[in-house]
Amino acid sequence: MNHPASHSQSFTVTTPLYYVNDVPHIGHAYTTMAADSIARWHRLNGRDVLLITGTDEHGQKIERTAIAAGVNPQVHCDRIVAKFDSLWSKLDIKYDRFIRTTAPAHRTIVNEFFQRVWDSGDIYKGTQQGWYCVACEEFKEERDLLADKHCPLHPSKQVEWRDESNYFFRLSKYQQQLEALYAERPDFILPNSRRNEVLKFVAQGLQDFSISRVNVDWGIPLPTDPDQTIYVWFDALLGYVTALLDPDAQVSLDNALHSRWPIDLHLIGKDILRFHAVYWPAMLMSAKLPLPERVFAHGYFTKDGKKISKSEGNAIDPIALVDCYGAEPLRYYFLKEIEFGQDGDFNETRFIEIVNADLANSLGNLVNRTLGMAKKYCQGYIPNCNATDIAADNPLKILGRDLGAQVDIAYNNLAFRDACEAILNLVRSSNKYIDDLAPWALFKQDKHLELAQVLYSVLESARLSAYLLSPIVPKISTDIYRQLGLNIDFDLICCNNSNDDNTASVENWKHHQQWGILQANSQLGEPQPIFTKLEVKTAPSS
RNA sequence: GGCUCAAUAGCUCAGUCGGUAGAGUAGGGGACUCAUAAGCCCUUGGUCGUCAGUUCAAGUCUGACUUGAGCCA
């Protein structure tokens, strides 16, 4: 209804282009897992999906980090990029495009875009004086600084005095248009609390911002003044456009924008909201381009209730976590247990409790016990009945009938928690249904017809649950499908779907959202635990 | 200092249009046996952050305050 993206046939979603100053942290992993899951859901629905991620590689901070490490900036970037890419692979992220802002094509796109903004008369030369934090890549107000001119966000770093002749973007010109945008499209910035922040910020009055830097060699030279380089944010946001270029297409802004622009969803962390919700739409207005559909900013994490900070040494290392526990439990915990859009906490004990309770005990055991009964009582085949044989008042049939639509709404709202809860409700009801109907007793009483219907209802509910959870735990879902005798690999569905010849087969999976598609008398696989319980592997911090 | 959001069971959270609180998980007990000691049933936990106000009636509406998170380029 108010989610146009869910009704069109293509869907383009981005993660931020991560700044390669340092190795990936948990926030990077979180955004990317969410983006991957939402992309997978749209692919299941037969849409032509493009998941864009990548890295932002320019700027003085990176230049200095590289120098400190004694390497060329490009070498430094290559090293960090390899770590990101390796993490995405470990987390089972199926991205379609990985854009690096040092890619040659990107420079062309930035130049063309700059020219458009220039032609609109929105770039002028001015002077900027003030305290500059290299770590933030921003000017700071003196009143905001800590003692001894340290940056409030980077207490270990001193700010530097700058007196520069820079080029500015006329952001102030777009204040009214931006306010009109927020008013006309209340969904443009989500969640609402973030939207309010932006509204207040803009209402204060917008100042033009500098889009170039002098004395920064690691960047894209300004087309109109090669002594300066383009400010990293102006550069980085355009990475979303460059990423749209087909690999074999001629590099031009028109070609990049030709088929998929505008982006349906920018997923970001709340730290970079202003750039995406204010600067970016204004830049696009200036270039006379359509605006993205939606910007969604999620929250941050605490560890065991405490703020994560380097000085505390309590950072969550996503690489260590995924090496220790694997991708599926992490994907599940972060998307199911943390309210998307709000801040959340990571606590290892709780993580293990939740994942064991839901994936092993509720879902895993449901599949295992039902397949065990099918093997014993039905010789390892799906019972000889189908959905139309099941009474209309069967509780699982009733729940299953609406679940697909319910979960679709949740995914479209990025309400991963709601999606999981709705699915778990079917799982729990299935466990209860088994206990209520006691198939083992029906078997002893030779009530084979009733037994068949009970087992069919439960098998089908397990199948539907696996399908609907597949954007979050694709390997577990694939395993459940395999044990149900269905040869569908959810990782494969979510790859290469942009091939035209594959679109038809993708479309075929959509009917799996309905309850009642298991075929009578087809052979089931061998029952095996789909999820082995986790044990605490590191001592919980006290 | 200005502003935004939040505060409900040990933990994570629901709670619609005001009608004296719910789920999951954790803890305790029970019956059962198909199953990964799992699932199912019962159960212990709450002055709904504090104080006022409006109302026949406030977790819900209003004001102030406290605490936490965040925004103020």
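Just so you know, these numbers use all the heavy atoms, side chains as well, and skip hydrogens, waters and symmetry mates. Residue numbers begin at 1 in each chain, while the letters A, B, ... track the order of the sequences.
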Exercise. Out of B:rG24, B:rA69, B:rU36, which has the shortest distance to the side chain of A:Arg350?
Worked result: B:rG24
Problem set entry | P-based separation of B:rC72 from B:rC56 [nearest Å] | 46 Å
For this session: Identify which one of A:Ile189, A:Val198, A:Leu273 satisfies the side chain to side chain contact (heavy atoms under 4.5 Å, CB included) criterion when paired with A:Val278.
Result: A:Val198
For this session: Specify the residues of residues 174-186 of chain A, ordered by number, for which at least one heavy atom lies under 4.0 angstrom from an atom of RNA chain B.
Result: none
Exercise. A:His276 and A:Tyr240: aromatic ring centres closer than 6.0 Å?
Worked result: yes
Problem set entry | Criterion side chain to side chain contact (heavy atoms under 4.5 Å, CB included) against A:Phe114, the qualifying member of A:Asp235, A:Leu238, A:Ile230 | A:Ile230
For this session: Sticking with atom C1', work out how far B:rU54 lies from B:rU60, rounded to a whole angstrom.
Result: 14 Å
Problem set entry | Closest nucleotide among B:rC72, B:rU12, B:rU36 to the A:Arg274 side chain | B:rC72
Exercise. Quantified in whole Å, what is the P atom distance between nucleotide B:rA7 and nucleotide B:rG45?
Worked result: 24 Å
For this session: Could you measure between the two C1' atoms, the one in B:rU50 and the one in B:rG27, and give it in whole Å?
Result: 30 Å
Problem set entry | Close approaches to RNA chain B from residues 417-449 of chain A, in residue order (heavy atom, under 4.0 Å) | A:Arg417, A:Arg428, A:Asn431, A:Lys432, A:Asp435, A:Trp440
Exercise. Hey, are A:Tyr174 and A:Glu179 close enough side-chain-wise for a donor-acceptor pair under 3.5 Å?
Worked result: no
Exercise. Between A:Asn361 and B:rU36, is there a side-chain N or O to OP1/OP2 distance below 4.0 Å?
Worked result: no
Exercise. Taking the C1' atom of each, how far is B:rC51 from B:rG24, in whole Å?
Worked result: 34 Å
Exercise. B:rU12, B:rU25, B:rG39: which one has an atom nearest the side-chain heavy atoms of A:Ala357?
Worked result: B:rU25
Seminar exercise, completed: Whichever of A:Gln528 and A:Asn356 has the more 5' nearest nucleotide on RNA chain B, that residue is A:Gln528
For this session: Syn or anti for B:rG15, please, going by whether the chi angle lies within 90° of 0.
Result: anti
Problem set entry | Nearest-Å distance once atom P is located in both B:rU20 and B:rA57 | 14 Å
Seminar exercise, completed: Only one of A:Leu464, A:Leu469, A:Leu363, A:Asn365 passes side chain to side chain contact (heavy atoms under 4.5 Å, CB included) with A:Val427, and that residue is A:Leu363
For this session: Ignoring hydrogens and angles, tell me if any N or O in the side chain of A:Arg417 forms a donor-acceptor pair with the backbone of A:Glu337 under 3.5 Å.
Result: yes
Problem set entry | Mate of B:rC13 where both pairing distances stay under 3.5 Å, Watson-Crick or G-U | B:rG22
Problem set entry | Nearest-angstrom distance, P atom, B:rU25 to B:rG19 | 28 Å
For this session: Ignoring hydrogens and angles, tell me if any N or O in the side chain of A:Tyr18 forms a donor-acceptor pair with the backbone of A:His28 under 3.5 Å.
Result: yes
Seminar exercise, completed: Here the pair of heavy atoms bringing A:Leu178 nearest to A:Ala282 is CD2-N, 4.1 Å
For this session: Describe, in one word, how the ring planes of A:Phe334 and A:Phe346 are oriented to each other, choosing from parallel (under 30°), tilted (30 to 60°) and perpendicular (over 60°).
Result: parallel
Seminar exercise, completed: Residues of residues 196-208 of chain A with a heavy atom under 4.0 Å from any atom of RNA chain B, listed by number, are A:Asn196, A:Glu197, A:Lys200, A:Phe201, A:Gln204, A:Gly205, A:Leu206, A:Gln207
Exercise. Taking all atoms of both residues into account, what is the closest heavy-atom pair of A:Ala35 and A:Thr15, and its distance?
Worked result: CB-CG2, 3.6 Å
Exercise. Expressed in whole Å, how much space separates the C1' atoms belonging to B:rA14 and B:rA9?
Worked result: 13 Å
